[in-house]
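See structure below.
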Amino acid sequence: MNTFFMKEAIREAEKAADLGEVPIGAVIVKNGIIIGRGHNTRESEEVAYGHAEINAIKDASAKLGSWRLTGCSIYVTIEPCPMCAGALYQARIDKIYYGASDPKAGACGSVFDLFSVEGLNHYCHVFPGILSDECKSLLQSFFRKRR
């Protein structure tokens, strides 16, 4: 586990907050180098799939020239939702490191665990709780200001 990469994901989340988006950020790493970055853009782009993970996958795929992100890890500030967990599965991401758990929509163990379903042709290894207090604080602060 490398907290450096989660801190980079937190920087992406802060970019989202500056745009008025829910502060979630992600980075994709291959061979110790960040090859993809993303933050939430649902409101600014007016698309339901404007999640940090999806945006990071698009960035990394463009850089590698492939949709297959085998050998890559993602660091994301909150547990991926079902859509994002599915996209990470489809992209063949090897490892998912996330900060805060999501008890309402988490698909890596909180609500359900996509990667415990038998019969899939690819499994991501999931590592929860990386800098979880910092990640949770970002979200709590954002929603406190909105209320």
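Hydrophobic clustering of Ile, Leu, Val, Met, Phe, Trp and Tyr side chains at less than 4.5 Å, counting indirect connections, keeps V27 apart from I33. Transitive grouping of hydrophobic side chains (ILVMFWY, heavy atoms separated by less than 4.5 Å) brings I10 and I34 into a common cluster.
Taking a 6.0 Å sphere around NZ of K63, one finds it holds more than 12 heavy atoms contributed by other residues, nucleotides or ligands.
Counting only distance, with no hydrogens or angles, the side chain of N40 and the backbone of A52 share a donor-acceptor pair below 3.5 Å. No donor-acceptor pair closer than 3.5 Å links the side chain of S73 to the backbone N or O of V29. The backbone N or O of A9 sits nowhere less than 3.5 Å from a side-chain atom of H39 that would complete a donor-acceptor pair. When atom types are taken as modelled, the side chain of D94 and the backbone of T70 share no donor-acceptor pair closer than 3.5 angstrom. A donor-acceptor contact shorter than 3.5 Å links the side chain of S66 to the backbone of R68.
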Could you pull out every donor-acceptor pair under 3.5 Å between side chains of residues 124-140 and any protein atom, sequence neighbours left out?
none

Determine all donor-acceptor pairs shorter than 3.5 Å in which one atom belongs to a side chain in residues 17-25; sequence neighbours excluded.
unit_1	atom_1	unit_2	atom_2	d
E21	OE1	R42	N	3.2
E21	OE1	E43	N	3.0
E21	OE2	E43	N	3.1
E21	OE2	S44	N	2.6
E21	OE2	S44	OG	2.9

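C72 approaches I35 most closely through the heavy-atom pair SG-CD1, 3.8 Å. Between L64 and K30 the shortest heavy-atom distance is CD1-CD, 4.4 Å. The minimum heavy-atom distance linking I96 with F115 is given by the pair CD1-CE1, 3.6 Å.
With P80 as the fixed residue, the side-chain contact (heavy atoms from CB on, under 4.5 Å) test singles out one of I54, L88, I74: L88.
The side-chain heavy atoms of T3 and F5, taken from C-beta on, include no pair separated by under 4.5 Å. Looking at heavy atoms from C-beta onward, M83 lies in side-chain contact with Y49 at the 4.5 angstrom threshold. The side-chain heavy atoms of K7 and Y75, taken from C-beta on, include no pair separated by under 4.5 Å. Looking at heavy atoms from C-beta onward, P82 lies in side-chain contact with F112 at the 4.5 angstrom threshold. Contact check for I28 versus D59: no side-chain heavy atoms found under the 4.5 Å cut-off. Side-chain atoms of Y97 and K95, non-hydrogen and from C-beta on, do get closer than 4.5 Å to each other.
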Run E14 and R11 through salt bridge (charged side-chain N to carboxylate O under 4.0 Å, His left out) and show every step you take.
CA-CA 5 Å; E14 290 167 344; R11 283 189 184 88; 5.7 Å; no
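Here the OH-CD1 distance, from Y98 to I78, works out to 9.5 Å after rounding to the nearest 0.5 Å. Rounding to the nearest 0.5 Å gives a distance of 11.5 Å between CZ of R92 and CD1 of I57.
Each side-chain hydrogen bond (donor to acceptor under 3.5 Å, both in side chains) pair with one or both residues in residues 79-91, not counting sequence neighbours, appears once here: E79-S110, Y89-N121.
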